[in-house]
Asks: 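A single structure is presented below for examination.
Proteins get letters first, then strands, A, B, ... in listed order; numbering begins at 1 in each. These numbers come from a predicted model, not from an experiment.
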Amino acid sequence: MSKALIEDLRERGLVFQIAGEERFIDWLEEKPRTLYCGFDPTADSLHIGSLVPLLMLRRFQDAGHKPIALVGGATGLIGDPSFKAQERQLNTPDVVAGWVDKLKAQVSRFISFDESPSSAIVVNNLDWTANIDVLTFLRDIGKHFSVNAMIHKESVKQRIEREGSGISFTEFAYSILQSLDFAELYKGYECGLQIGGSDQWGNITGGIDLTRRLHGAQVFGLTMPLITKADGTKFGKTESGTIWLDPAKTSPYAFYQFWLGTADADVYKFLRYFTFLSPAEIADIEVADKAAEGRPQAQRILAEQVTALVHGEVGLVAAQRITDALFSGDIADLSSDDLAQLALDGLPVTQIYRGDLPPAFTQLLSDSGAVASGKQAKDALSRNAVFVNGSALGLEDNASPAVWFPKEQALHDVYYLVKVGKKKHHLFVVSGV
RNA sequence: GGAGGGGUUCCCGAGUGGCCAAAGGGAUCAGACUGUAAAUCUGACGCGAAAGCUUCGGUGGUUCGAAUCCACCCCCCUCCA
């Protein structure tokens, strides 16, 4: 069972390093084990960077093990310096506490809570760190850490060695807190494995050392590779910012579109990372795509799988409905209800009275957020890249509201669907005379 | 506390009195080609429809004119104590 799990993870390329590798497989095979992964509240939502570890917890749970999702109510107050170029801004305790609650709900959706032995647990490390006093911390915990070893960790090396940066004691001590988490979870839940991104290696091995010193126990660590894109740009960011897991911050439609836009060079790898499709199924998709002309199927499958995982079937259907309407359907066929639904499903929408329309279309577009600035709108207009309900506008129309939104062309009297460029859509609801 | 080095437009990074809204690279946006790809080419890239307005850590000052010079202050880094 567990051998098959590790084999599957290796095939997917999800195993970067294992701490304690010689004994790890046997240990995992022996009986159902407890493992954990930490998620620090650095915002009011997780983003897709946390998806791989979340799914990893699920993969272990599916193989019969018990996952613990740790939300870093304490570590989130400090800030993990690992591979960060700069010291981070501290957030206030009540803000972090609010984020902890949101993250708890979010991580809970990816692992299952039944009454079985492998039922998941969510914990907050503030529970065991909040009341440690300084002297106890320094004497009982700090004594186990060698500063000599800590400053040589790759994760903080840059901050220590490179001119122009630096690291506060606060952040430097972060890895001690995370190490303590592992030891505490071992003590409280017999948790014997911590998983995390490859940047967490130093923090994980710190926890392994501490657990051995405090409890004389051998525990393990497994890291996942950093997710990279073939073009070298950072994974998980787009022009409109981070891709969040919270549908209020990134709509299911935008989320679906993000995955649909995955580069060919990355898409099969991402299928292995982000879905539960077997490596064999994924290989079949790749073969079929190679044989076929035109657009590969992999992006669509990836988008469907991941959107369903994160936003459920309902979210996926909504995302696809908008996608169909905007990219392949005929917008004139959309019913009034459909249009209203698109707005609810995440299509950006602006309501405005006809009399309040600004003097320039570029201004309307930038005010509504459809474009980043009037300059961009102007550029698009001059290249005939702006469409209202399917007909192109030019730069010469910029100052004539009657041309942008002619009454007789309104869909259901009030709707104007504006397209800027190939992919950006914005719905205007224009009322009044 | 002492000595030295820095803070430039989203990022990196040039720029030491006018030719600077500020080189170059990256990122981003739009067009062409396409598959809502990639690569490539073209254009845009502080804000503004425009006239024009606002930037180079902050505040004052010198000057016809300052990102560039002066004073004070804030922040970061290195070494020393």
Asks: Taking atom types as they are modelled, would you say the side chain of D379(A) forms a donor-acceptor pair with the base of rG31(B) within the 3.5 Å cutoff?
Replies: no
Asks: With a 3.5 Å limit on both atom pairs, tell me what rG4(B) is paired to, counting Watson-Crick and G-U wobble, or say none.
Replies: rC77(B)
Asks: Assign P358(A) to base, sugar-phosphate, or nothing according to its heavy-atom contacts below 4.0 angstrom with the strands shown.
Replies: nothing
Asks: Say you pick atom C1' in rC10(B) and the same atom in rC29(B); how far apart are they, in whole Å?
Replies: 13 Å
Asks: For G294(A) and for A360(A), locate the closest nucleotide of RNA chain B by heavy-atom distance; then report the residue assigned to the nucleotide nearer the 5' terminus.
Replies: G294(A)
Asks: Taking OH from Y268(A) and P from rA37(B), how many angstroms apart are they, rounded to a whole number?
Replies: 16 Å
Asks: Taking atom C1' in both rC69(B) and rG15(B), what distance in whole Å separates the two?
Replies: 16 Å
Asks: I'd like to know whether V386(A) forms a side-chain contact (heavy atoms from CB on, under 4.5 Å) with K419(A), so could you lay out the CA-CA distance, the side-chain angles of the two residues, the decisive distance to 0.1 Å, and finally the verdict.
Replies: CA-CA 6 Å; V386(A) 179; K419(A) 183 169 82 140; over 6 Å; no
Asks: From CG of D367(A) over to P of rC47(B), roughly how many Å is that when rounded to an integer?
Replies: 13 Å
Asks: If the C1' atom of rG48(B) is compared with that of rA66(B), how far apart are they to the nearest Å?
Replies: 25 Å
Asks: Which nucleotide in the set rG35(B), rG43(B), rC29(B) lies at the smallest distance from any side-chain heavy atom of Q376(A)?
Replies: rC29(B)
Asks: So which one's nearest nucleotide on RNA chain B is more toward 5', N384(A) or Y256(A)?
Replies: N384(A)
Asks: Taking the minimum atom-to-atom distance to the side chain of K423(A), which one of rA30(B), rA37(B), rA49(B) wins?
Replies: rA37(B)
Asks: How close or far is atom P of rG31(B) from atom NZ of K424(A), stated in whole angstroms?
Replies: 9 Å
Asks: Determine the Euclidean distance between corresponding P atoms of rG60(B) and rU55(B); express it in Å to zero decimal places.
Replies: 12 Å
Asks: Nearest-Å distance, CD (Q297(A)) to P (rA37(B))?
Replies: 16 Å
Asks: Do the side-chain N and O atoms of S82(A) and D199(A) include a donor-acceptor pair separated by under 3.5 angstrom?
Replies: no
Asks: Is a salt bridge present between R10(A) and E21(A), judged by a nitrogen-to-oxygen distance below 4.0 Å?
Replies: yes
Asks: Roughly how far apart, to the nearest Å, are rA22(B) and rC12(B) at atom C1'?
Replies: 16 Å
Asks: Please report, rounded to the nearest Å, how far the P atom of rA37(B) is from the CG atom of D289(A).
Replies: 16 Å
Asks: Report which part of the nucleic acid A399(A) touches: base, sugar-phosphate, or nothing (heavy-atom distance under 4.0 Å, all strands).
Replies: nothing
Asks: Does Q299(A) get its side chain close enough to the base of rU36(B), under 3.5 Å, for a donor-acceptor pair?
Replies: no
Asks: For rU62(B), which nucleotide in any strand shown is its Watson-Crick or wobble partner with both distances under 3.5 Å?
Replies: none
Asks: C1' atom, rA67(B) versus rG57(B): distance in rounded Å?
Replies: 12 Å
Asks: Which nucleotide, in any strand shown, forms a Watson-Crick or G-U wobble pair with rU9(B), with both distances under 3.5 Å?
Replies: none
Asks: rG31(B), OP1 or OP2 - any side-chain N/O from K378(A) closer than 4.0 Å?
Replies: no
Asks: Can you check the L365(A) CG to rC29(B) P distance for me, whole Å?
Replies: 16 Å
Asks: When the P atoms of rG17(B) and rU68(B) are compared, how many Å lie between them, rounded to an integer?
Replies: 11 Å
Asks: How many whole angstroms separate atom CZ of R383(A) from atom P of rU42(B)?
Replies: 12 Å
Asks: For the pair made of NZ in K229(A) and C1' in rG26(B), what is the distance, rounded to whole Å?
Replies: 14 Å
Asks: Would you call D379(A) and K375(A) a salt bridge, using N to O less than 4.0 angstrom?
Replies: no
Asks: Which listed nucleotide (rG31(B), rU36(B), rG48(B)) is nearest to the side chain of S373(A)?
Replies: rG48(B)
Asks: Would you check if I195(A) and Y36(A) make a side-chain contact, meaning some heavy-atom pair closer than 4.5 Å?
Replies: no
Asks: Hunt down the Watson-Crick or G-U wobble partner of rG43(B), both distances under 3.5 Å, from any strand shown, or write none.
Replies: rC29(B)
Asks: In terms of side-chain heavy atoms of T323(A), which of rG35(B), rU36(B), rA49(B) is nearest?
Replies: rU36(B)
Asks: Would you mind classifying the nucleic acid contact of S382(A) as base, sugar-phosphate or nothing, using non-hydrogen atoms under 4.0 angstrom?
Replies: nothing
Asks: Should rU68(B) form a Watson-Crick or G-U wobble pair with both distances under 3.5 Å, which nucleotide is its partner?
Replies: none
Asks: Salt-bridged, K3(A) to E7(A), with N to O below 4.0 Å?
Replies: no
Asks: Tell me whether D209(A) is salt-bridged to R212(A), with the criterion being a basic N under 4.0 Å from an acidic carboxylate O.
Replies: yes
Asks: Is D44(A) salt-bridged to K249(A), cutoff N-O under 4.0 Å?
Replies: yes
Asks: Report the base-pairing partner of rA22(B) (Watson-Crick or G-U wobble, both distances below 3.5 angstrom), or none.
Replies: none
Asks: Would you indicate, yes or no, if rA30(B) has its OP1 or OP2 atom less than 4.0 angstrom from a side-chain nitrogen or oxygen of K375(A)?
Replies: no
Asks: For D264(A), report the nucleic acid contact type (base, sugar-phosphate, nothing); a contact means any heavy atom under 4.0 Å.
Replies: base
Asks: Could you give the distance separating rG4(B) and rC41(B) at their C1' atoms, to the nearest angstrom?
Replies: 49 Å
